[in-house]
Amino acid sequence: MSSTRKKQRFRSYFSVTGWIGLSMTLSVLLIALIGPLVTPQNPDDLLGLPFGVSQPGALFGFDSYGRDSFSRFLAGGRYSLVVAIIGYLVGASLGLTLGLLAAYSRGWVDAALAWTSEVLIGFPALVLMLLLVAGLGTSFWVLVVALASVNVPRILRIVRASGREVRDAAYVEVAEARGEPRRYIMFKEIFPSVLPAFLVDAGVRIPASILLVASLSFLGLGIQPPASDWGLIISENRVALTVQPLAVMGPIVALALLMIGVNLALDGFKGNKSSYRRDIS
Amino acid sequence: MKGTTDMDSQQGNFIENIKEGSLSRRQILKTAGALGIVGATGSFFDSASAATVSPEGYLATIKPRRGGNMTIGIGFGVGASNDPHVSPAGDQNVIRNFNVFNLLFWNDKTGALKPALATSATANSDATLWTIELRSGVTWHDGSAFTADDVVYSLKRIVDPATNALGASTLAMVDAANIRKIDNLTLEVPMKFPFSVLPDQLATKGMSIVKDGAMTFDPPIGTGAFKLVSGDKNRIILERNNNFWVSGMPYLDMVTIVNVMDATARINGVRTGILDTIYPVDAVGAASVAKDPKVITFVNKTRTYLPLYMNAAVKPFADVRARQAMKLATDRESMNRVSYAGQGYIGNDMFGILDSGYPTDIKQTSYDPEKAKALWKAAGNSNVKIELWTADEWPAQQSSATVWAQQAKKAGINVTLKTSPADQFDSKVYGVKPFSQDYWNYRSILTMWQEAFNPDSEYFKVQNWGPEKTQKLYKQAVGTGDPKLRDEITKEMLTIFHNEGPYIVWGFQASPDIYTSRIAGQENSSVRGLNGFHLETFFIKPL
Amino acid sequence: MPVTQHSATGNSNLLVANQLQVQGNDGTFTIIEGVDLVIPKGRTLGIVGESGSGKTTVAMGLLGFSREGTRISAGSVSLNGENILSLSPADLRARRGRDISYVPQDPSTGLHPGIRIGVALREMLSVHTNNVENIDARIEQVLRETQLPTDAEFQRRYPFELSGGQQQRVAIALALVCRPSVIIMDEPTTGLDVTTQARLIEVIRDLVRVNGTSLVYVSHDLGVVRSLADDVAVMYGGRIVEQGPVDEVFMNPMHPYTRGLLEAVPRALTKAFKPRAIAGDAVEPWDWPTGCPFAPRCSHHSPECDVSMPAPVWPKESHMLRCINFENALKQKTTLEPVERKNDHLDAGGQKENVLTINNLHANYSRSKLLKGKKIVDAVNDVSFDVEAGSCLAIVGESGSGKSTTLRCIAGLHEPRLGVMEFKGEVLAGRARQRHGDIRRLVQIVPQNPDSSLNPKMTVGEIIERPLALYSRVPKEARHQRVLELLELVHLRPAMGARYASELSGGEKQRVAIARALAAEPSLLLCDEVVSALDVAVQASILELLEELRNDLGMTLVFVTHDLGVVRSIASQVVVMKNGQVVETGTTKEIFENPRDTYTQELLGAIPHLRPTDYPGAPE
Amino acid sequence: MGRYLLRRSALAIASLFALTTLVFVGVNFLPGDPATAVLGKSATPEKVASIQKALGLNKPIWEMYTNWITHALQLDFGHSLTYGTGAYGYSDAVQGTAVSELIGGSLKNTAILASVSMILLIIVSLSLGVYSAMHRGSIADSGVQFFGLFFLGLPEFVLGALIIIAFAFYWPILPAISLDVTPKNLVLPVLTLVLVMMGSTVRLVRVGVIEVLKTNYVVTARLRGIPERRIIMRYVIPNAIAPVMQVFAIATGLFVGGVVVVEYLFGYPGIGTGFVSAASGRDYPVVQAYAVVLGCTYIVANFAVDLIALLTNPKMRAKATS
């Protein structure tokens, strides 16, 4: 294998649109993470008239309470992002372990896990979260647990599906013939092959989790005021979309860029040239 | 202001007889509220500069006419029951009950007590026995005649513990077992102790008069301006009661009340003419339509208030200096600006504004962070952290709490704003958390006191404040037949309340209404928006 | 431009490809280049080459088709004198299937799974002919020609309801039904059992003869092409490197590559010599050198070879090749060693020691699914045999014979239902995990498919190191060194240790799989069809390696295969299986020279073989 | 095939059973006392006790469960705690409105909204997905891809708001809110749902069709000279349909969430609105019924998809028959 080919493959990890998507995603994440540190105004201070329009010092005008929309936008991404990511990670660690177990086990363990996850998936994500939040309140950990319980069965299914493809691979059989322990086969032999599907899923699922938290905030059952949160900002200010659109545009555009960016990046990633060539030959 | 004093003028008669048809539109117009309609071109937020049209000028040009359908969008609250005595507090229930059933007395748009199904109520000299005269010629929706039996049944039913009526405690002073029919249109209501303001109690929302023997209410048979055609959890349809006892009213053939949960969707509905009006509208919603020429905006300066309550039995609020510091840390102007677009009355930590028993000579408490800080420190609370609990259950609830927390921080009070989901506020916050919010629609000063500040009151436990001296004063007030003396006593009570009380009453609700331009008959009401729920006064503008 | 003698005869040339070139859409790589082919009426052209040589691309190019992501970038294809590449898409479509038709490589995926056979045949006729009357008769006729049942019930079947051989006949019937003048067949018998393949080849041969159809037959199997074709084109690196009448090219190969191929084919019917591998790996389109693509692997390589692709030369009138050094190469006499095995002598010596004894082995597959009930499939039925220490025992049989299941039982991957397996006197537990640590180590398996036998997410070094760590035979510090030794043992460069499986060729992968097994220092090596997925040139090198390891390390081999040629070149003892049962056992010599069972005889008879005279430099 | 259907139905019923159990356990083990939640500000010990009695909360949990499940099997989900004359358990004589009656109307409304949207979604995604798969790399394909991506980035509550502004304010041709179910009222909610879902489904259909286009039998069919149109209709679509339907079945989960939000946005009188208000009002019998109904949607969708797969794939059909 020549080094030029390696370089080619590296360059073709992402297509041009893939790189655009990646940079869109990263810039939204960056805004969400460092935004709260660089707000020009205190996002909670009442500085102007409700729905006052843009003026020097208040780039995006004022929100429904007369707070600086721009500062609230900057401050509003982090919390739901952190909730979504932690909720995802908790769900992913459980979903991954159970998914690998199901993929490797066969038999009743697999059947039970697969079936349970199917039943749980039967609960639409938003509905499940509404139920949990209605019962347990809307604290940080409740949101995390709710997100995790949405994610576990879905991740389990993906891991199981792609794990099953590997499960019958000759190298897994060879490992079995060697008498390898189960743990080794699950995590060392099967997991690395599940990883790409798992990561692609993560790429879609983390933004989807962010969106889910935003939807919940939108319905008034997620993050609670006066916290600034993108979903909440949209919910609080959308009534004035015709009067003061700048109050909602920040979060709308940020969420859209995040979703589009992640999808572009994943598409760009899949369009890897070396695999395309392998298809032809 | 006026209100009860008018009625109290006749000696021995607490209530003036009101002639048939006296509740005419003309009279309503003459006593219209203080603030006019905000013209279609004026913004809700800079109405000071906007041309305001006086209601007389606006309405005098239009003659009311019969016919038409009005659609009202409401975020249906929890539950629905056609039984007016147990119906939950959701707006859809209140509006339906108020228009299908009638009370014995009701408040007009100025808050003045007016006879409805009763024509008068007269107490004996020590106010232990009330004689209530009823309106003649009133018929139920099913055509039968309204009599004293119906009233006796209704009052007993409300008080009966088996009914579990929401208003039972409001009539706690009534000796229900001995309520007695005198003749077809007269009954006697004995009191357990001297009580001189029974009509005020009878004007509160749980006091609907139902037909003698009524147990099920499908359909509800009332005496109100409208009959219920159908009602489910998404839509209530009312049609005109042609035999309504106020002649000529109602004007509308039909009123449709629809459930639109989302406030923005409701406003969109009015802006596009699908809904004729909506309830409630908050300042944010009104601001969003301020420049929309298709929408008429009304602002009602009401006497509804949303106090912040402090539980006086709990530290740090047990210390009166702490309570005073909290009041001084309140920037009322800011809260009024954000929550009521600057159009509500500023509160002075007392309720009953515009009532004759309200002390107007007390200096307005204003935002004084320095003094607040000093008092808070003096009470030993410098390092105390407090939580303010709020929810998005009532209009302006969340915004006022948010603003309060911001201002109080500047006065050295370490406060964290906590938000509960709206549906859990009543059960998990209200009366449980030591510092949160309350919501009171207009009721007379003594009725208010009776519900919240006597140790045996239903809501006493919420703030646990009611010193002996005020209890004594309350007994005196309800025991006297002299309205002047009563006003003196309530003024004294409210002064104590102002100085030591558990409520931060920062303002009274300015409640905007928005209507499509085809609707007429709007009035400014100091009770609540939407003409104080008097739907019989609306009509469709002739083309 | 005349390509061969036949091209001069004008009219009789049905299909002529001229300087055909196919490139990737972006033009960065070329898959085939400068392909000149002439197919006269009624003749059969075989195209042979290793995988990746471009033979399928040529076959499709002859129909004016190129796969997704590629395009025909130069040249012409004329059918009956008309350049089909310049036709409109609709006209081209009309020719396909009617005048020139195609039989795909894998019938199980080449047939629409949801269309009944009769419907598919009817579709061809209705699309391509206006003659509606005789459709039924024509369908019946074509089914008879391909020796398929003609009844209505059969026509109502779906492809999945047919056996592999029947599926391929249906594919041929579809290609034949419109009576095209040329048929292109792309490896139509690959994946079929030898006996099925033999019958299908008969069918094809008859069809071509009876109908006078021209045939292009693409295959990697030299034996099949030898038995079927009139002319042959040998492809390498996207070019035709040698071309001519089949007798001429096979008996007198001139290109070093063709000669290498012929030397690499394992032969079942002669013990005259061992197959010999061609060094190196096949070149892929994007790695083409500027000169002769075979040059890097060629033992007659000279600097001029790297300058440009050699121009065609015609040493004989009809024999074309593209090599500048062929005359030198021909002078060099190849020497081939005869097949000879130690164990052949062991038989005589009589000091028998059985490493492995299998007694009355029964195994089945029971599929129990939730709510589906149990379904039992007998896979191995009363199988017994012994394996002598240091020998190589081959288990042969067609698909479904139970040979792989037997091996999996020995490996501890499949739990037998009945029977006893003894290894060095100890009873083997059904599952590898239940076995004693040292037994687990001593029995190692090399799986069939090189593509799935290595974990794609691990480096070669990690893969080979794992058994060292698991069995703790080598101290941690010494493991790296041991990995390098093992790589050397299987003739891989030390640098390979850092590679991933996807960066290796098929042969290299199989070497790594062998090294991994060797890392455990086994005494019994189980090989499951280890060469069946490899190109013939590489196959020989793996067989050489196994032979060498067995001799040097004293291992015992159990070798499962369907290829009798492979058996003859490696095994000392043979077990022939059919339908889960052993039909015959014996030494290789006995089985091949004096088969007693009719099934064994049938198997041997079905092999499409090269002729004895096809081996240049073969010792008599 | 009959046996397969039987097995598949058994599986669906088992799933349904598990789902209902889950709903019951979930709703009943949520912290918070339904009685005080329902009564709110006016809770008194007597009222709380009467609600608990009405709910059967004073009985052991297994008895509550068997009681509930046997009734649920007969589509009787009990009586509402907050609707009807006897709601709130104030009286022993009358009970709240029957849950089935309460949700019946909104269920129908949602069924209309959801099925119209789903059918449209399937038609639009199939035609756009197939078209863009067939014309890979063309401008039309890029356009479809771009718009799919664009709508993928907008959650329902944003897209819905934008659509209202576009079609009810700036270009006022359609109602901004949908108070009842008329064709005109359905347009914007359906449009919102379809556009939001389309972002992902069109892409998935496109990928599915491309997979089929790459198959050997499609290539072979081209080489046999089968006309392109026929290839699409006979070879590509029937084989793409099963995996594509799988996509739609999985999308139902997402779809139901979208329906909840869209109903809320448009004030549409469906189960989404009902569910949110019942959940916030802690009307437990109603919440349970809604949760069962929503869960069933998914189970039924999957069942339907398996049936479609069975009907379009003779291989599966044969297996099912054997």
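Throughout, a chain's letter reflects where its sequence line sits, starting with A, and its residues are numbered from 1.
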> As an exercise, state the distance from CG of B/Asp232 to OG of D/Ser106, rounded to the nearest 0.5 Å.
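Spacing of CG (B/Asp232) from OG (D/Ser106) equals 8.5 Å.
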> Measure the shortest side-chain to side-chain distance between B/Asp262 and D/Phe266 over non-hydrogen atoms and say whether it is less than 4.5 angstrom.
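No - every pair of side-chain heavy atoms lies 4.5 Å or more apart.
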> Flag the one option from D/Leu102, D/Ile164, D/Ile165 with the top tally of heavy-atom pairs under 4.5 Å to chain B.
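Most pairs with chain B among the choices: D/Leu102.
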> For the CD1 atom of B/Ile267 and the CD1 atom of D/Ile177, what is their distance to the nearest 0.5 Å?
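So the gap between those two atoms works out to 11.0 Å.
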> Near B/Lys211 NZ, under 6.0 Å, is it more than 12 heavy atoms from other residues, nucleotides or ligands?
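Yes.
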> For B/Thr272 and D/Ala168, work out which heavy atoms get closest and say how close.
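Closest approach of B/Thr272 to D/Ala168, heavy atoms only: CG2-O, 3.7 Å.
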> Tell me, side chain or backbone of D/Pro172 under 4.5 Å from chain B's heavy atoms, or both, or neither?
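Neither part.
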> Does CZ in B/Phe460 sit with more than 12 non-hydrogen atoms of other residues, nucleotides or ligands closer than 6.0 Å?
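For B/Phe460, atom CZ is crowded (more than 12 foreign heavy atoms under 6.0 Å).
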> Which atom pair, heavy atoms only, marks the closest approach of D/Leu265 to B/Ala265?
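Between these two residues, the closest heavy atoms are O-CB, 3.3 Å.
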> Drop me the distance from D/Asn109's CG to B/Asn234's CG, to the nearest 0.5 angstrom.
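Nearest 0.5 Å value for the CG-CG distance: 7.5 Å.
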> Does CZ belonging to D/Phe147 count more than 12 external heavy atoms closer than 6.0 Å?
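Open: at most 12 neighbouring heavy atoms sit under 6.0 Å from CZ of D/Phe147.
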> CG/D/Leu179 to OG1/B/Thr256 distance, rounded to the nearest 0.5 angstrom?
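D/Leu179 CG to B/Thr256 OG1: 9.5 Å, rounded to 0.5 Å.
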> State whether the side chain of B/Arg266 and the backbone N or O of D/Gly267 hold a donor-acceptor pair below 3.5 Å, judged by distance alone.
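Here the side-chain-to-backbone pair does not exist.
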> So which part of D/Tyr268 gets closer than 4.5 Å to some heavy atom of chain B, the side chain, the backbone, both or neither?
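Neither part; nothing is under 4.5 Å.
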> Among B/Val462, B/Leu275, B/Val260, B/Asn268, which residue has the highest count of heavy-atom pairs closer than 4.5 Å to chain D?
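Greatest number of close heavy-atom pairs with chain D: B/Asn268.
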